[in-house]
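I have a structure I would like to understand better, so I am pasting it below and will then ask my questions one at a time.
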Amino acid sequence: MKIIAVNVKDGGGRELLLYLARYIKSRNLKDTFSFYVDTRFITGINCSQNISVIQSNNLLKKIFCFVFPSDNSLFFGNLPPVRKVNKSAVYFHNAYLLMSVTDLFREKVRFDELIKIIFLQFYIFFFISNVGKVFVQSSLIEKKFVKKYKFSNTEVMPFYEEPKNLANNKSKKYDFCYISLSRPHKKHNMLLIAFEKLLAKGYAISCALTVESADKKLLDKIFYLNKKYKAKIENFGVVPRKKVKSIYQNSKCLVFPSSKETFGLPLIEAASLGLDIIAPDLAYVHEVIEPSLVFEPNSADSLFKKLKHYYKHGADKPKCKTENKVSKLLSYFKEL
């Protein structure tokens with residue numbers, strides 16, 4: 001089986017890919033798996049008796065994977081091949097590729113990114129029939145995908161690393177954490193606006209973030225809040241998986257203001273580890289967990305009120321509602 005992931009860079013897609021490789025290695029499966037990746041972004045997939053890693057660091061090599069594809073392939077980075085492939089599937093996990101142009105403008109996507117997204121949407125529409133199946137992460141995404149791309153041979157196939165219970169840390173360092181890169185739909189700025197409202201009311205805030213160093217505006221805002229209000233908002237930048245687990249261990253509550261997700265992996269991780277969760281009142285949230293508290297999407301004032309409520313009254317523990325189907329995903333290719 002070939003796993004074509006040359007266009008996977010960061011975020012949830014990268015984490016899922018790395019987990020898939022770890023799962024295959026841990027199960028000592030008899031089948032052989034070839035991972036095609038761009039090693040500028042994907043490191044940590046180790047070769048073994050049944051796993052090989054093929055590096056595709058330049059554009060021509062990447063294009064080759066889609067123009068001259070092989071049978072029995074999983075196209076992991078949302079995009080189908082240019083030619084018909086037997087025994088194949090696409091794993092779709094990008095919310096932007098389902099959005100209309102109007103929604104993209106509303107999300108304030110950069111112009112160059114907007115053009116790229118529109119091009120990729122046309123690409124998917126014209127070539128998606130070249131695979132036999134499309135796997136998605138939720139029924140909500142499945143409905144949107146079928147409507148947008150007119151391709152109905154889809155199946156909900158979420159998978160994720162089931163986090164091990166962490167050692168009980170009663171003295172949590174952070175009230176909140178938000179594990180996410182800074183994309184427009186992730187709403188970091190809205191979170192900081194809500195934090196400033198709390199700080200102005202005299203609340204002491206401690207929060208762990210993972211904003212990349214390239215986002216100067218957000219980093220400047222964090223510095224401003226820490227300096228003016230003596231907040232304790234600590235940014236770790238892009239962190240390895242081990243550090244993510246450490247942040248969870250040292251946090252009381254995951255606050256997750258993202259307006260669009262194909263899955264919401266941090267929600268499941270936080271719920272599994274016993275953190276409280278404050279999330280927007282959106283369908284993608286309710287499909288995967290029962291959150292502790294919800295707020296009006298895209299409203300900093302509503303988020304501020306829920307954070308204030310949490311400080312005063314706490315909240316019920318969330319519940320996870322999603323089944324891990326990683327073994328079923330791999331068995332699909334055996335059955336073909």
Side-chain angles (χ1 to χ4, degrees), residues 11-12 15 93-100 102-109 136-144 158 160 174-198 203 205 207-211 215 218 221 233 247-248 251-322:
E15 293 304 320
H93 50 82
N94 189 319
Y96 281 118
L97 295 177
L98 292 172
M99 294 169 65
S100 67
T102 302
D103 287 337
L104 290 168
F105 272 112
R106 191 178 294 120
E107 290 290 339
K108 299 179 180 179
V109 175
V136 295
Q137 294 174 299
S138 70
S139 59
L140 175 68
I141 295 302
E142 182 179 36
K143 292 175 184 177
K144 290 183 177 180
Y160 54 91
Y174 307 106
D175 297 320
F176 306 104
C177 67
Y178 184 23
I179 310 298
S180 174
L181 299 176
S182 62
R183 302 289 186 267
H185 68 286
K186 296 295 186 177
K187 303 296 181 185
H188 282 84
N189 192 56
M190 186 181 77
L191 175 62
L192 295 182
I193 291 172
F195 278 168
E196 186 167 13
K197 288 175 178 284
L198 277 172
Y203 288 86
I205 289 177
C207 179
L209 300 176
T210 55
V211 175
D215 197 330
L218 273 180
K221 182 69 173 179
I233 304 173
I247 292 173
Y248 280 137
S251 302
K252 297 177 184 177
C253 176
L254 171 70
V255 57
F256 199 80
S258 177
S259 61
K260 296 184 185 298
E261 296 288 328
T262 57
F263 191 40
L265 181 61
L267 296 173
I268 294 174
E269 292 175 333
S272 301
L273 294 172
L275 276 72
D276 301 321
I277 298 177
I278 302 174
D281 191 6
L282 290 171
Y284 86 82
V285 174
H286 296 291
E287 185 161 354
V288 297
I289 64 163
E290 293 179 12
S292 305
L293 293 170
V294 294
F295 59 91
E296 295 175 21
N298 304 316
S299 171
D301 188 59
S302 177
L303 177 54
F304 154 69
K305 290 176 181 177
K306 294 299 179 178
L307 292 171
K308 183 179 177 182
H309 175 92
Y310 182 75
Y311 270 111
K312 287 186 174 182
H313 308 291
D316 295 331
K317 291 295 179 185
K319 297 179 181 178
C320 185
K321 299 162 61 176
T322 304

Without hydrogens or angle criteria, can the side chains of His188 and Asp215 be said to hold a donor-acceptor pair below 3.5 Å?
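Judged by distance alone, the side chains do not pair up.
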
For Met99 and Lys260, what are the C-alpha separation, side-chain angles and deciding distance, and is it a side chain to side chain contact (heavy atoms under 4.5 Å, CB included)?
CA-CA 10 Å; Met99 294 169 65; Lys260 296 184 185 298; 3.5 Å; yes

Can you check ring pair (Phe, Tyr, Trp, His ring centres under 6.0 Å) on Phe256 and Phe295, steps first, answer last?
CA-CA 10 Å; Phe256 199 80; Phe295 59 91; 9.9 Å; no

Asp301, CG: over 12 other non-hydrogen atoms inside 6.0 angstrom:
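It does: Asp301 CG has more than 12 such atoms within range.
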
Decide yes or no on salt bridge (Lys or Arg N to Asp or Glu O under 4.0 Å) for Asp276 and Lys252, but give the supporting numbers first.
CA-CA 6 Å; Asp276 301 321; Lys252 297 177 184 177; over 6 Å; no

Does this structure show an ion pair linking Lys186 with Glu261, if we count only N-O contacts that are shorter than 4.0 Å?
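Yes, Lys186 and Glu261 are salt-bridged.
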
Ser292/Tyr310 under side chain to side chain contact (heavy atoms under 4.5 Å, CB included): CA gap, chis, key distance, verdict:
CA-CA 9 Å; Ser292 305; Tyr310 182 75; 5.9 Å; no

Below 4.0 angstrom, N of the basic side chain to O of the carboxylate: do Glu196 and Lys221 qualify?
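Yes.
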
Decide side chain to side chain contact (heavy atoms under 4.5 Å, CB included) for Tyr96 and His185; before the verdict, give the C-alpha distance in whole Å, the side-chain angles of both, and the deciding distance to 0.1 Å.
CA-CA 9 Å; Tyr96 281 118; His185 68 286; 2.7 Å; yes

Does a donor on one side chain sit under 3.5 Å from an acceptor on the other, for Glu269 and Tyr160?
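No, because no side-chain N or O of Glu269 sits under 3.5 Å from a partner of the opposite role on Tyr160.
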
Heavy atoms from other residues, nucleotides or ligands near NZ of Lys143 exceed 12 (cutoff 6.0 Å)
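Check fails, neighbour count at 12 or below.
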
Using only atom types and a distance under 3.5 Å, with no angle test, would you say the side chain of Ser251 pairs donor to acceptor with the backbone of Tyr174?
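Side chain of Ser251 to backbone of Tyr174: no pair is present.
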
Between Asp175 and Tyr311, is any side-chain donor less than 3.5 angstrom from a side-chain acceptor?
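The answer is yes; a qualifying pair exists.
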
Around atom NZ of Lys317, are there more than 12 heavy atoms from other residues, nucleotides or ligands closer than 6.0 Å?
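Enclosed: over 12 neighbouring heavy atoms sit under 6.0 Å from NZ of Lys317.
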
